[in-house]
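One structure is given here, and the rest of the page talks about it.
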Protein chains: 2
Amino acid sequence: MSVIAEGKLKLLDAALKLIPRSRSLTSLGLRELAREAGLNPNTFYRHFSGIEDFGLFVLEHVAKEVKQQVRLLRKTAASQGQATQDTVGFVFGYFLKNPAVVHVALQELHGASPRLRQAMRDQLDASAREMAEDVMERGLAPGLAPDAVHEISRNTIRHVLMRGFDYIECPAQRDAIQAETERFILRQFVGAIAEQEAPDIMARLQQRG
Amino acid sequence: MSVIAEGKLKLLDAALKLIPRSRSLTSLGLRELAREAGLNPNTFYRHFSGIEDFGLFVLEHVAKEVKQQVRLLRKTAASQGQATQDTVGFVFGYFLKNPAVVHVALQELHGASPRLRQAMRDQLDASAREMAEDVMERGLAPGLAPDAVHEISRNTIRHVLMRGFDYIECPAQRDAIQAETERFILRQFVGAIAEQEAPDIMARLQQRG
DNA sequence: CCCGCTTGTATACGGCTGTATACTTGATTA
DNA sequence: TAATCAAGTATACAGCCGTATACAAGCGGG
C-alpha cells in the first residue's frame, strides 16, 4: 500500500496537461481526462468519487510540489544574501516551467466549488505564513510589527500569483512585469515602515483617510 | 433600430443570474441560458454567433454599468472631501449588490478565452487610468510621479477586485477585509512617496534589493 | 491452491448539448 | 395593401457526457 496506483497518476498527469487549455479543473470532463490518460472512463471511479474529489487530490499534489520549491528557495536564499529580484525571478521562473500551477490556483481560487476554494485559500495562507517567517527571521523588515508582515505577505503571495499569470502570458513584457512586481513588494514594506516612522508623509496623505 | 431585442436582453439577464452559480460565462451552456431566459434555444443564434460572442456582449454591458458607477463615485467624491474608506466602502457595497460583476471579471481575467481575457484587461486598465486621473486631479498623492500613480492604480484595481470576491464570500469578515484593503492602498502610496523622499527607510531595506 | 481484493476494461443507457432546417408571426415600409 | 425582414419557434439529429452493471487480470495471504 501507500504506493499510488498507475491509473491514478496517469489521471493526475492528464489533468496537469489539460489544465492550461481548459483551465478550471472542475470543468474538466471525466471522459476527457481518461482519454488523455489513455484509460477507460470507468477507471476514474476506482480512485475518485467525482470531479471535486479529484480536484482536491490534484491540488494536494500541486501544493506538495510548491512547498518543496519554497523550501529550496529559502535554503539558497539563506546561504547567499538573496535580493528581492532574485526571489521574484526564481518564482516566475518556476511558474514558467509549471504554468498549470498558476492556472489551477487562480481558477479554483475564484471557482465555483467552495471546497476547492477553501483548499486554495488555505494553501496560499500557508505560503504567506512561510514568507512572513522568512522575512522576520532574516530581519528583512526591521522594526515592523509581525501582524503587518503577515498581512503584507498575504497580499504579496496573491499579487505574485496574479502577475505570474501575466508573466506566462505576455513574453514580451516579462522584464517589465518582474520589475513592477519587485516595486510592488518593496513599496508595501516601505509604506508600512513609513506608516510607523514617517509621520510627515502620513500627515500629507491624511486627507485621504 | 438601435433598440435591443427582447430576447437579447433576456439572455443577458439570464447570464447575470446564472454566473454566480456556474462562474465562467464561457462555460455557460447555450441551452441553459435559453431555458433560464424562457426562450427557444435557437433564439440565441438570432443574436450571437456563439458563446464567445455572447460573452463579449455581456462584458460590454457590465463595463458600461461599472463606468456609470465610477462616474457617480467621482462626482460625490469631488463634492465632499471623500476619504479612502468611503471609496472602498462604496465599491464593496456595489460589489455586494452586483456579485456577478466580480465573478465574471475574475473568471474571465484568468479564463480560457484569449479574447475575453483581453477585453477584461482593457476594461481594468481603463478603470485604473480613471482612478489615476482622479488621484492626480484631486492632488491626493502630492509629489508622486504620474507613472507611479498609474502603476499603483493598476495594482489597486486588481487588488480591490480580488478582495471584493472575499468581501462577498465572507460576510463575517467584511469589516476586516475593508480595513485591510484600505491599508493596502494607503501603503502603496506611502511607500511610493517614501521611495522618493525618505532615503533613510530605503537604506534600511536596501539589502533586500 | 484458491479465495478475495484491487485495478482496469467492455458495453450500454438515458440525458443533455450544439446546431441545422423549416415554419410562424408581427412590424416596417415601399 | 403587399412585400420584406427581423425575431422567435418547432422539430430533429448526431455526439458527448456521466454513470451503472458486469466481467477480466494480477497479486498477496490463508
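Per chain, numbering begins at 1; letters A, B, ... match sequence-line order.
- Counted within 6.0 Å of CD on A:Gln68, heavy atoms from surrounding residues, nucleotides or ligands total 12 or fewer; the atom is thus considered open.
- The stretch residues 36-44 of chain A comes close to DNA chain D through A:Asn42, each having a heavy atom under 4.0 Å from the strand.
- Within the structure, a side-chain polar atom (N or O) of A:Arg35 is placed less than 4.0 Å from OP1 or OP2 of D:dC17.
- A:Ile152 has its side chain within reach of A:Leu144: a pair of non-hydrogen atoms, C-beta onward, lies under 4.5 Å apart.
- Here D:dG8 presents its C1' atom at 10 Å from NZ of B:Lys10, a figure rounded to the nearest Å.
- Shown here for A:Phe57 and A:Leu12, the closest heavy-atom pair between the two residues is CE2-CB, 4.1 Å.
- Distance CG (B:Leu33) to P (C:dT17): 10 Å, rounded to an integer number of Å.
- Between the P atom of D:dG18 and the CZ atom of A:Phe48 lies a distance of 15 Å, rounded to the nearest Å.
- Residue B:His47 places no side-chain N or O under 4.0 Å from the OP1 or OP2 atom of D:dA6.
- Between the CG atom of A:Leu30 and the C1' atom of C:dG15 there is a distance of 16 Å, rounded to whole Å.
- Side chain of B:Ser22 to backbone of B:Leu18: no donor-acceptor contact under 3.5 angstrom is found.
- Under the salt bridge (charged side-chain N to carboxylate O under 4.0 Å, His left out) criterion, the residue pairs touching residues 17-26 of chain B are B:Lys17-B:Glu36, with sequence neighbours excluded.
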Any N/O pairs under 3.5 Å between the protein and nucleotides 13-15 of chain D? List them or say none.
none

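- Protein atom CD of A:Glu52 is 15 Å distant from nucleotide atom P of D:dG18, rounded to whole Å.
- Ring-centre distance between A:Tyr167 and A:Phe95: not below the 6.0 Å cut-off.
- Within 6.0 Å of CD on B:Glu6 lie no more than 12 heavy atoms contributed by other residues, nucleotides or ligands.
- Between B:Phe184 and A:Phe184, the ring planes are tilted. Angles from 30° to 60° get that label.
- What separates CZ of A:Phe54 from C1' of D:dT19 is a distance of 17 Å, to the nearest Å.
- In this entry the distance linking OH of B:Tyr45 with C1' of D:dA6 reads 19 Å, nearest Å.
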TODO: Decide side chain to side chain contact (heavy atoms under 4.5 Å, CB included) for B:Leu25 and B:His103; before the verdict, give the C-alpha distance in whole Å, the side-chain angles of both, and the deciding distance to 0.1 Å.
DONE: CA-CA 9 Å; B:Leu25 189 57; B:His103 291 325; over 6 Å; no
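- In this structure, B:Arg46 atom CZ and C:dT24 atom P are separated by 14 Å, rounded to whole Å.
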